[in-house]
Amino acid sequence: MANNIEVKELLDAGVHFGHLTRRWDPNMAPYIYMERNGIHIINLYKTAAKIEEAGEALKKIAASGRKILFVATKKQAKEIVADKAAKANQPYITERWPGGMLTNFVTIRKAVKKMATIDRMKKDGTFMTLSKKERLQVDRLRAKLEKNLGSISDMTRLPGALFVVDITREHIAVKEAQKLNIPIFAMVDTNSDPRQVEYVIPANDDASKSIDKVMTYVSDAVIEGLSERKAAKEAPADKAAKTKEKEAKEAPAAAPAKATPAVAEAPAKTEKAPVASETAKQEEE
C-alpha cells in the first residue's frame, strides 16, 4: 500500500492545510511542518506514513471478519464517507450520532429490528389493515429509522474499529469507543488532540477533496482485507475439489489391476481338472 501513496497527490488535494495558528492544539506539533500566513501546514510525509500504518491495521481487521464503523456527520464529508463505506461493504453514520450507539447497542438493535418488522407488515398485508392515520405514522417512523440507522442494519454486533472524520465534532462517538476499548482511526486536523485516538492520520478534515483522497486510500485497504478473507475461505474448498477430482481419476486405473489376476487364475484351475481325473482312473485299475 505504501507505494500507492503519493505525497504529490496529497498536496494537490490540499491535505496539508491545517487551521489558523491561534486555534491549534499543541499536541499536534509533531505533525506540523511549518506556519504560513497564519495557517499551520501539515507534514505530508508523516501523513503518508500514518495512512500506510492505518491501512495495514484496517486491512487486518477487515480480513478477520469484523466490521469497521465509519462516522462523519459534517456536511462536506457525508456523501464521500457514505459512498466509500458502501463500496467497502461497511456500516456508516452520516446523520446525527445516536447517543448510546455503542454503549447501549442492544437498544439500537431493537430499533433496527423495528424497521424489519414494519417491512414484514408491508409484505404480508398487515400494514393495509391499519387506518390511514396509523399507516402515515408508521411510514414516518420507518423513514426516520432508515435515515438514522439504515446503514447499520447489517451490523449485528459491536464494530471491530471506528473510523472518524473530525474527532472534535464527533467527540461523543470517540468517548463511547474509548469506554468499550474499540480502536479508533481518525483524520485529525491541527485543532484536535491526537492523543484521543490510536491511529492518527494528520490531515485537513474540512475540505472535501482532502477527505475524498484519504478515504480512497482507507477504503481500498479495507476492500483488500475483504478480498484476502474471501480467498482464504475459497482455498480449502478448491483444495477439497482438486483432491476429489484426483481420486476420481485414479479409481478407474486401479480397477483393471485387481481384475487381471482373477482372469489369469481361471484357466489354471480348468487345466488341473483333467489331470486329476486320469490319476484316479489309473488307481482304480
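Values reported hereafter were calculated over all heavy atoms of this structure, with side chains retained and with hydrogens, waters and symmetry mates removed. In what follows, residues are counted from 1 in the order of the sequence shown.
Smallest separation of non-hydrogen atoms from Lys46 and Pro30: NZ-O, 2.5 Å. The two atoms that bring Val200 and Pro194 nearest to each other are CG2-O, 3.4 Å, heavy atoms only. Of all the heavy atoms in Leu145 and Ala111, the pair that sits closest is CD1-O, 3.8 Å. Contact between Ile61 and Ala161 at its shortest, heavy atoms only, is CD1-CB, 3.7 Å. For the residue pair Ala72 and Ala77, the shortest heavy atom distance occurs at CB-CB, 3.9 Å. A pairwise comparison of heavy atoms in Ala13 and Lys213 identifies CB-CB, 3.9 Å as the closest pair.
Between Lys179 and Lys175 there is no side-chain heavy-atom pair separated by less than 4.5 Å. Taking 4.5 Å as the limit, every side-chain heavy atom of Leu10 sits out of range of all side-chain heavy atoms of Tyr45. Annotation: side chain of Thr156 is in contact with side chain of Arg109 (closest heavy-atom distance under 4.5 Å). Ile182 places none of its side-chain heavy atoms less than 4.5 Å from the side chain of Leu69. Arg23 has its side chain out of reach of His40: every pair of non-hydrogen atoms, C-beta onward, lies at least 4.5 Å apart. Between Asp206 and Gln76 there is a side-chain heavy-atom pair separated by less than 4.5 Å. In this structure, Asp166 and Asp189 have side chains that are not in contact, with every pair of non-hydrogen atoms separated by 4.5 Å or more. Side-chain atoms of Pro202 and Asn43, non-hydrogen and from C-beta on, never get closer than 4.5 Å to each other.
Clustering ILVMFWY residues whenever any of their side-chain heavy atoms sit less than 4.5 angstrom apart, transitively, puts Ile108 in the very cluster that holds Ile118. Leu162 and Leu158 fall within a single hydrophobic cluster, where Ile, Leu, Val, Met, Phe, Trp and Tyr side chains are chained together by heavy-atom contacts under 4.5 Å. Note on Ile39 and Val15: separate hydrophobic clusters, where clusters join Ile, Leu, Val, Met, Phe, Trp and Tyr whose side-chain heavy atoms are under 4.5 Å apart, directly or indirectly. Val174 and Ile68 are assigned to two separate hydrophobic clusters, defined by single-linkage of ILVMFWY side chains at heavy-atom distances under 4.5 Å. Linking ILVMFWY residues whenever their side-chain heavy atoms come closer than 4.5 Å, directly or via other members, places Val164 and Ile152 in the same cluster.
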Apply the test salt bridge (charged side-chain N to carboxylate O under 4.0 Å, His left out) to residues Lys74 and Asp205: give CA-CA distance (whole Å), side-chain angles for both, the deciding distance (0.1 Å), then the verdict.
CA-CA 10 Å; Lys74 66 196 320 182; Asp205 61 14; 3.7 Å; yes
Please report the C-alpha distance between Glu35 and Trp24 in whole Å, then the side-chain angles of each, then the deciding distance to 0.1 Å, and finally whether the side-chain contact (heavy atoms from CB on, under 4.5 Å) criterion is met.
CA-CA 11 Å; Glu35 177 263 325; Trp24 82 310; over 6 Å; no
Pair Lys50, Glu53 - check salt bridge (charged side-chain N to carboxylate O under 4.0 Å, His left out), show working.
CA-CA 5 Å; Lys50 288 293 182 180; Glu53 184 186 335; 3.6 Å; yes
Steps toward salt bridge (charged side-chain N to carboxylate O under 4.0 Å, His left out) verdict (Asp119, Lys123)
CA-CA 6 Å; Asp119 290 340; Lys123 280 183 181 178; over 6 Å; no
Working note: Gln178 + Ile184, criterion side-chain contact (heavy atoms from CB on, under 4.5 Å); need CA distance, chi angles, decisive distance, verdict.
CA-CA 8 Å; Gln178 286 171 341; Ile184 305 166; 4.0 Å; yes
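Salt bridge annotation for Arg135-Asp139: absent, with no cationic side-chain nitrogen under 4.0 angstrom from a carboxylate oxygen.
Atom CZ of Arg36 and atom OG1 of Thr21 lie 14.0 Å apart (nearest 0.5 Å). For the atom pair Glu170 CD and Thr73 OG1, the distance stands at 3.5 Å (nearest 0.5 Å). Taken to the nearest 0.5 Å, the CD atom of Gln137 stands 7.5 Å off from the OG atom of Ser131. Here the straight-line distance linking atom CG of Asp25 with atom CD1 of Ile32 works out to 9.0 Å at 0.5 Å rounding. To the nearest 0.5 angstrom, Glu198 atom CD is 8.5 Å from Asn181 atom CG. A distance of 8.5 Å separates NE2 in His19 from CD1 in Ile42, rounded to the nearest 0.5 Å.
Evaluation of the side chain to side chain contact (heavy atoms under 4.5 Å, CB included) rule for Thr107 yields Asn104 as partners, not counting sequence neighbours.
A salt bridge (charged side-chain N to carboxylate O under 4.0 Å, His left out) with Glu224 is found for one member of Lys59, Lys60, Lys230 and no other, namely Lys59.
In this structure a side-chain-to-backbone donor-acceptor pair under 3.5 Å is missing from Asn27 to Asp193.
For residues 178-199, the pairs satisfying ring pair (Phe, Tyr, Trp, His ring centres under 6.0 Å) are Phe185-Tyr199, with sequence neighbours left out. Applying the ring pair (Phe, Tyr, Trp, His ring centres under 6.0 Å) rule to pairs touching residues 123-175 yields Phe70-Phe163, sequence neighbours excluded. The list of side chain to side chain donor-acceptor pair (under 3.5 Å) pairs with a residue in residues 144-154, not counting sequence neighbours, reads Arg142-Glu146. The list of side chain to side chain donor-acceptor pair (under 3.5 Å) pairs with a residue in residues 78-94, not counting sequence neighbours, reads Lys84-Thr216.
Heavy atoms from other residues, nucleotides or ligands lying under 6.0 Å from NZ of Lys122 number more than 12. Residue Asp124 qualifies as enclosed at atom CG: its count of foreign heavy atoms under 6.0 Å is above 12.
Membership of the apolar cluster around Ile41 extends to Phe17, Tyr33, Met34, as traced through chained side-chain contacts below 4.5 Å between ILVMFWY residues.
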